Structures are given as C-alpha cells and as structure tokens.
Amino acid sequence: MKFIILTLFKEMYESFLNNSIMKRAISKGLIEIKLVNIRDYTKDKYHRVDTPPIGGGAGLILKCQPIYDALMDNITSNTYKIILTPRGKTFNQEKALELSKKEEILIMCGHYEGYDERIYKYFDEEVSIGDFILTGGETASFCLIDSISRLIKGVISDESLDEESFTNSLLEYPQYTEPYDFNGDLVPDILYSGNHKEIQKYRQYQRLILTKKLRPDLYSNYQLTKEDLKILKERENISQSKKELEAIKKAHKFIKNN
Ligand code: ADE
C-alpha cells in the first residue's frame, strides 16, 4: 500500500513514521509513504499557498493552483484521492477496512481556514475524523494512515485483528494483568480457571454488556446470535441465583441477630 500525503508540514510525519509499528511496516515494504510539500508547486512569486477569501471573511484559504498541480503530479489511474476536511463523511473502522484494500491512497491535508471550493471535485472523497475542527489535516491523516496500515496483512498479527473492537459491532472484552488485587479491584476468578470455553463465554458476555452500556448505538445495530442469547440467559440465571443466595444469607443474619 502506498500513501501519498500532500501537506505543508512534512516534518510533522518524522516521529509518527518512526514509531515501532509504522517503522517496521515501512522497512518490511508493506507500506510506502511519499510526502509532498504543496508549497513546492506554488507559482506565486512569494511562494504563497493561501490568500484571504474573496468577498471578505476571517483567515486564509488554500488556493487551487498549488493543490491541483501537486495532485496531478503525484497520481496515477490507481490512486484513490482523499481530501481531509471537517465537512467530510466521518471516518470509521468500516471505511478503514474499505480503504485498506486500495493500492494507492493520496491524502490532502488542509490548513488555515479551508480550501477554495473549486478544489473538492478533483478528489474521490471528502473525509472528516469527527465533528470538531483541527488546526490542520496532518493529525487527521495520522489517524487514517495508522488505522488503514494496521489492517494490511503482515503489519500486525492476524490474531490481534480477530477479536478487536468494532469487528461484529461489539467492543472488546475487558483485559487484566497482574496484580490480582489492585486497590481492592480483583481480577475475575474465571480467568485463572484454565477453562478456555468458559473464559470465552465470559468474555463474550462482557463484550455484550459493555457495548450495551458504553455504546448503545453499536449495540442496537448488533444482531445477537443464538450463542449470545444462550450466554445472556445463562448469566442471568447465575446472577439470579447469586441474588437469591445473598437474600438467604441476609435473612439468616437477621434471624440470628433477633
Ligand atoms: N481538518 C480540520 N478538521 C478536520 C477534521 N475534523 N477532520 C479532517 N480534517 C480536518
């Protein structure tokens, strides 16, 4: 997969591309990144890439010419062209998966107050990473490059991808590490049982209740399987009998004390 990044701030990518996973993916030849400085394409005698908007208004707007020329100089018929903008469609895991199948992706990172309206039509898609305004598209492009790259075969282990959040519309199950007791919070005993089938059932139950609690929007789109229904029913019975036991214990205590 090749990423071509049109930016005014190439230096921002130095540390991002030198982190362990991205660095390894690049050195293995799984990912290729080409950074293009839009300013190198300006025909303005002062090397400007932005000007105040016609008709008045705040800030500076990126001009069409340098973006258009940088774009035309760096694409082939195989390049999927994305322009980052807060007005775009919100990026998500599904989109990351779709984009991970492309051969070559160009990402245009904006700055200042936005783009000349006439530039958008030269791109295949307008993408936003959320309903908030960043000072520039570079940090948004990190999100795209990172989430797309890790879906490319060989970048991370297949096992890590299998159970992660959003695959099948559920969040990941909670994970624990040593010590057993952290400030009074205990690691669930079942995880020490060595019974993989029971652990798997417990984890699936946790995924279901956690998603329902934290992301009701995802949960309502999730189609419960027969196995899920069985797990939910089983857990309900367990917690019911736990409640009954507690009630009996309380009653015994009451009788004893009176
Ligand atoms: N540029 C500025 N804000 C942005 C956002 N939310 N997503 C993508 N690009 C942006």
Side-chain angles (χ1 to χ4, degrees), residues 21 88-102 127-132 140 142-258:
I21 290 179
K89 196 158 173 241
T90 310
F91 187 67
N92 59 19
Q93 188 65 15
E94 203 183 337
K95 179 55 80 182
L97 200 59
E98 183 192 316
L99 293 173
S100 71
K101 308 212 164 91
K102 306 268 182 213
V127 173
S128 162
I129 60 156
D131 288 340
F132 44 82
F142 295 168
C143 299
L144 266 69
I145 299 167
D146 188 306
S147 58
I148 295 167
S149 297
R150 63 192 293 291
L151 294 173
I152 290 163
K153 200 150 185 56
V155 172
I156 60 168
S157 76
D158 289 348
E159 207 187 13
S160 307
L161 290 177
D162 277 353
E163 282 177 346
E164 69 187 10
S165 294
F166 305 121
T167 25
N168 309 323
S169 303
L170 289 180
L171 301 180
E172 260 184 89
Y173 50 78
Q175 305 267 27
Y176 298 88
T177 60
E178 294 300 327
Y180 172 65
D181 182 340
F182 181 74
N183 290 347
D185 275 337
L186 307 181
V187 175
D189 291 333
I190 178 87
L191 299 178
Y192 290 101
S193 70
N195 185 337
H196 295 296
K197 201 164 169 238
E198 282 307 312
I199 291 176
Q200 204 185 356
K201 271 172 33 184
Y202 164 80
R203 284 178 164 167
Q204 183 63 6
Y205 177 69
Q206 293 298 323
R207 292 184 78 191
L208 291 164
I209 55 166
L210 209 62
T211 311
K212 191 173 179 187
K213 184 173 160 206
L214 301 180
R215 292 293 304 271
D217 55 323
L218 288 180
Y219 191 76
S220 64
N221 282 330
Y222 177 72
Q223 195 70 42
L224 287 168
T225 64
K226 265 192 194 156
E227 188 60 25
D228 292 334
L229 290 168
K230 222 170 113 189
I231 289 170
L232 287 169
K233 198 151 181 103
E234 241 177 62
R235 293 281 147 183
E236 249 174 43
N237 289 340
I238 292 171
S239 64
Q240 193 55 36
S241 47
K242 260 192 192 158
K243 267 186 206 153
E244 279 164 14
L245 260 175
E246 272 160 25
I248 292 168
K249 265 191 205 160
K250 258 191 195 165
H252 281 183
K253 224 178 179 179
F254 180 78
I255 295 165
K256 230 175 149 182
N257 295 337
N258 289 288

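These numbers come from a predicted model, not from an experiment.
Judged as a side-chain contact (heavy atoms from CB on, under 4.5 Å), and not counting sequence neighbours, the contacts of Leu144 are Ile82, Leu84, Phe91, Ile107, Val127, Ile129, Ile148. In this structure Leu214 satisfies the side-chain contact (heavy atoms from CB on, under 4.5 Å) test together with Leu171, Leu210, sequence neighbours excluded. Scanning for side chain to side chain donor-acceptor pair (under 3.5 Å) contacts around Gln204 gives Asp228, with sequence neighbours left out. Looking at residues two or more places apart in sequence or on another chain, you find no ring pair (Phe, Tyr, Trp, His ring centres under 6.0 Å) involving Tyr202. For Gln175, the side-chain contact (heavy atoms from CB on, under 4.5 Å) partners at least two apart in sequence or on another chain are Glu172, Tyr173, Arg203. By the ring pair (Phe, Tyr, Trp, His ring centres under 6.0 Å) test, Tyr192 pairs with Tyr180, sequence neighbours left out. By the salt bridge (Lys or Arg N to Asp or Glu O under 4.0 Å) test, Lys153 pairs with Asp158, sequence neighbours left out. Applying the salt bridge (Lys or Arg N to Asp or Glu O under 4.0 Å) rule to Arg235 yields no partners; only residues at least two apart in sequence or on another chain are considered. Contacts of Asn237 classified as side chain to side chain donor-acceptor pair (under 3.5 Å), with partners at least two apart in sequence or in another chain: none. Looking at residues two or more places apart in sequence or on another chain, you find a side-chain contact (heavy atoms from CB on, under 4.5 Å) between Ile21 and Asn19, Arg24, Val155, Ile156.
Among pairs with a residue in residues 185-202, those fulfilling salt bridge (charged side-chain N to carboxylate O under 4.0 Å, His left out) read Glu198-Lys201, Lys201-Glu234, at least two apart in sequence or across chains.
The line from CG of Asn221 to CZ of Arg215 is 10.0 Å long, rounded to the nearest 0.5 Å. Atom CD1 of Ile209 sits about 12.0 Å away from atom CG of Leu170, to the nearest 0.5 Å. Here CD of Glu94 is found 11.0 Å from CG of Leu99. Values are rounded to the nearest 0.5 Å. Note that NZ of Lys212 and CG of Leu232 are 8.0 Å apart. Values are rounded to the nearest 0.5 Å. The NZ atom of Lys101 sits 11.0 Å away from the CD1 atom of Ile152 when rounded to the nearest 0.5 Å.
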Give the intermediate values and the outcome of side chain to side chain contact (heavy atoms under 4.5 Å, CB included) for residues Leu208 and Leu224.
CA-CA 9 Å; Leu208 291 164; Leu224 287 168; 3.6 Å; yes

Where do Ile199 and Leu191 land on the side chain to side chain contact (heavy atoms under 4.5 Å, CB included) test, with the steps shown first?
CA-CA 6 Å; Ile199 291 176; Leu191 299 178; 3.9 Å; yes

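When every heavy atom of Ala96 is checked against every heavy atom of Ser147, the shortest pair comes out as CB-OG, 4.0 Å.
The neighbour count for Lys95 NZ, taken as heavy atoms of other residues, nucleotides or ligands under 6.0 Å away, is above 12. More than 12 heavy atoms of other shown residues, nucleotides or ligands fall within 6.0 angstrom of atom OH in Tyr176.
Checking side-chain atoms of Ser220 against main-chain N and O of Asp217 turns up a donor-acceptor pair under 3.5 Å.
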